[in-house]
Amino acid sequence: MAEEKSLNFLEEIVETDLKSGKYQSICTRFPPEPNGYLHLGHAKSICLNFGLALKYGGKTNLRFDDTNPITEETEYVESIKDDVRWLGFNWTNEFYASDYFGHLYEFAVALIKKGLAYVDDSTSEEIAMQKGTPTKSGTPNAYRSRSIEENLQLFTEMKEGKYKDGEKVLRAKVDLASTNMHMRDPIIYRIKHAHHHRTGDTWCIYPMYDFAHGQSDAIENITHSICTLEFVPHRELYDWFIANLAIYPSRQYEFARLNVTYTVMSKRKLLQLVNEGDVNGWDDPRMPTISAMRRRGYTAESIRQFCDKIGVAKRENLIDIGLLEFCVREDLNKLAQRRMVISNPLKVVITNYPDGKSEMLPSENNPEDPMSGSRNLPFSRELYIEQDDFMEVPVKKYFRLAPGQMVRLKSAYIIKCNEVIKDTAGNLTELRCTYVPESKSGSDISGLVVKGVIHWVSRPHALEVEMRLYDRLFKVEDLNKIEADFKNYLNKDSLHVIPKVYVEPELANATLEDRFQFIRTGYFCLDKDSTSDKLVFNRTVTLRDMWAKEQKR
RNA sequence: UGUCCUAUGGUGUAAUGGUAACACUGCAGAUUUUGAUUCUGCCUUUCUAGGUUCGAAUCCUAGUAGGACAACCA
């Protein structure tokens, strides 16, 4: 019955720690730097950190890692909070690393007093040089042996603004011969005469990540500090600070970051696309950001499902974008109301339907959800169908409309194509059809059996809207494998706008929250660019299309 | 020519010394007033070589492959 799902390695660690009594309850944190918008990779981390606390009854803090005033902005703070909330998670506390600047400063002083930190006047080039290489150990410089008193004095002066950016740094005195480069006297404080989004001009020295993150974890009593694999070599330093500062022993654990085919998952690269105009902002529906996916029509549930399905482990991975699409389709199929929309119209005249007459035909809103009810569709003598749903010379197994053939108009009548009208250039302009009055949906007594069912809209009743179709942002599967500039692989056709699409009148009532399935086409939602006289719809994802697949062969 | 991490179908993830499984993808079929959904079936897997063991995907050793690390970024 209630089958137990196997645990990922982090859940195992937590369960072990809880069982052994090491912790009574756990505390995790999601620690974004407010220098960009959150993306799908962050969603994985959010689901993990909040998910762990939810599953084992603990707490999760939202902590902004804002130690670099040059790149961080309040706009990003707000977007991050919106995205986490939208994903469905509530943080226990909202904290900022900058809340701890005073605390962190004292930690630095404590280290100096223990003879474990020193002020270095070297340039960054000199420091890099003196660090050696992974295979060659570093060499100490003269500043390394400064007295505690002098270091205290100098560090105070750094804080007081006596020096210019880059003139001096504070370094931890660890081990210049370590095989771990991060242990070779890492810089822990640097001078930046910059305005901070929260602390303003209070500080002109700022702690480095390594001197802020672990200590912030300790201050908040974070039990399990979960980060991505590239921080594995930082762990030794993380533990060194805990030991030498004698603070709360948070533990760092690392998992493999998310990679998805045909896209990039790096804030730096996404920012570049935004800045260089390759996309229209962070929430351009082609972006892998949370805000873009929300705008495109993805549901929070589908993203959570995706994060659950991809699992958590320590090996490099590349997830097929198809899995994400599967997750949205699965969710949207249950909740999206169905609508009839014609994006590539072919006019159909029902010659035996009275001119000027129209009738309202009911159609189910969602066959997957009996509670969703139905709506009425206007039917009349002149209709639009998709050009794809007619073939003058049908291929084998084509069971839509063709000269002399019949199809069912969904929720309406069976029609038969009698005549094909073309313009002088030979282009199809119109189909002349007759309908079978006894074949009305729900009361069909015609006895006819047709294999094909197509969608349609009434020409005089149709609304005109704009439709935006999105394709993958990049043309190659694995962006991590390429050597050249990633922008060389941008898909120039990732956005396709259809300015005039005919939709059933019911869609005039669409709101930003609604999700629709345009029958036989895909899932769509209203875009925020919509105005009262011009609705814009985004395609979230297409429907699976076995016919299209078969056509390719 | 250092240290660390990782290695299971096409892609992910399980199996915790005892018959290698689940999802996605792909393929075939059934149902269908969406060529959708749903349902059924099928394809395909333990990096290599040694060792420990009655028994190894799992433990050990070596190799190979991939990744991370030398920002006053996080």
Side-chain angles (χ1 to χ4, degrees), chain A residues 5-8 12 31-33 35 65-68 70-72 97 120 122-124 127-129 131-138 165-171 178-182 184 187-192 205-206 208-210 212-213 227-236 254 256 261 267-268 309-320 322-327 329-330 333-334 338 340 363-364 367-368 397-400 407-412 414 439 441-442 444 450-455 477 480 517-522 542-551:
Chain A
K5 207 193 158 203
S6 56
L7 305 176
N8 65 48
E12 279 180 7
E33 184 190 10
N35 67 344
D65 231 324
D66 55 351
T67 55
N68 184 359
I70 310 295
T71 56
E72 296 154 4
D120 193 328
S122 307
T123 64
S124 57
I127 291 176
M129 197 86 79
K131 261 192 185 171
T133 67
T135 54
K136 218 173 66 211
S137 77
D165 287 12
E167 218 175 312
K168 285 179 166 47
V169 291
L170 183 69
R171 291 226 255 168
S178 173
T179 52
N180 181 346
M181 296 300 287
H182 295 275
R184 321 248 264 227
I187 294 171
I188 59 179
Y189 257 97
R190 74 294 214 192
I191 300 169
K192 278 181 193 281
I205 55 171
Y206 294 92
M208 296 287 288
Y209 166 84
D210 284 311
H213 199 97
C227 61
T228 46
L229 250 27
E230 61 269 31
F231 292 97
V232 168
H234 294 246
R235 191 175 61 231
E236 193 178 352
E254 312 86 9
T261 55
K267 269 196 273 186
R268 201 202 95 238
K309 283 182 196 290
I310 59 178
V312 179
K314 298 186 73 160
R315 49 190 111 96
E316 302 280 332
N317 60 80
L318 179 62
I319 309 288
D320 190 339
L323 182 62
L324 216 208
E325 296 179 342
F326 169 83
C327 292
R329 289 192 185 107
E330 186 180 47
N333 177 49
K334 294 180 296 188
R338 315 288 128 126
M340 301 252 207
S363 185
E364 57 197 355
E368 306 294 320
K397 291 211 287 187
Y398 184 81
F399 43 82
R400 303 177 192 172
V407 271
R408 153 131 271 148
L409 296 176
K410 183 168 170 62
S411 299
I414 290 172
S439 67
S441 265
D444 185 352
V450 293
K451 180 87 170 147
V453 179
I454 65 174
H455 59 284
E477 269 205 334
N480 290 324
Q517 183 198 99
F518 291 177
I519 289 179
R520 301 209 302 138
T521 305
T542 61
L543 249 36
R544 281 183 73 215
D545 190 349
M546 298 305 277
W547 174 247
K549 222 170 263 173
E550 187 157 333
Q551 289 297 282

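- By the side chain to side chain contact (heavy atoms under 4.5 Å, CB included) test, A/S439 pairs with A/R408, A/Y413, A/I414, A/V436, A/D444, A/S446, sequence neighbours left out.
- For the salt bridge (Lys or Arg N to Asp or Glu O under 4.0 Å) test, no residue two or more places apart in sequence or in another chain qualifies with A/K192.
- For A/R338, the salt bridge (Lys or Arg N to Asp or Glu O under 4.0 Å) test picks out no residue, with sequence neighbours left out.
- Among residues two or more places apart in sequence or in another chain, the side-chain hydrogen bond (donor to acceptor under 3.5 Å, both in side chains) test is passed with A/K549 by none.
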Could you pull out the protein-nucleic contacts involving nucleotides 9-11 of chain B (nitrogen or oxygen on both sides, under 3.5 Å)?
unit_1: B/rU11; atom_1: O3'; unit_2: A/L318; atom_2: O; d: 3.2
unit_1: B/rU11; atom_1: O2'; unit_2: A/L318; atom_2: O; d: 2.9

Indicate for each nucleotide in nucleotides 66-74 of chain B, in 5' to 3' sequence, whether protein heavy atoms under 4.0 Å reach the base (B), only the sugar-phosphate (S), or nothing (-).
-SSSBSBSB
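- With sequence neighbours left out, the salt bridge (Lys or Arg N to Asp or Glu O under 4.0 Å) criterion links A/K410 to A/E364.
- Evaluation of the side chain to side chain contact (heavy atoms under 4.5 Å, CB included) rule for A/T228 yields A/E230, A/F231, A/F255, A/R257 as partners, not counting sequence neighbours.
- A/T542 is linked by a side chain to side chain contact (heavy atoms under 4.5 Å, CB included) to A/R329, A/R539, counting only residues two or more places apart in sequence or in another chain.
- Partners of A/H213 according to the ring-ring contact (aromatic ring centres under 6.0 Å, His included) rule, which considers only residues two or more places apart in sequence or in another chain, are A/Y209.
- Residue A/R315 has a polar side-chain atom (N or O) positioned under 4.0 Å from OP1 or OP2 of B/rA14.
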What one-letter contact string describes nucleotides 28-39 of chain B from 5' to 3', where B marks a base within less than 4.0 Å of any protein heavy atom, S marks contact via sugar-phosphate atoms alone, and - marks no contact?
S---BBBBBB--
Dot-bracket encoding per residue of RNA chain B, Watson-Crick/G-U cut-off under 3.5 Å, | denoting interstrand:
.((((((..((((....[..)))).(((((.......)))))....(((((..]....))))))))))).....
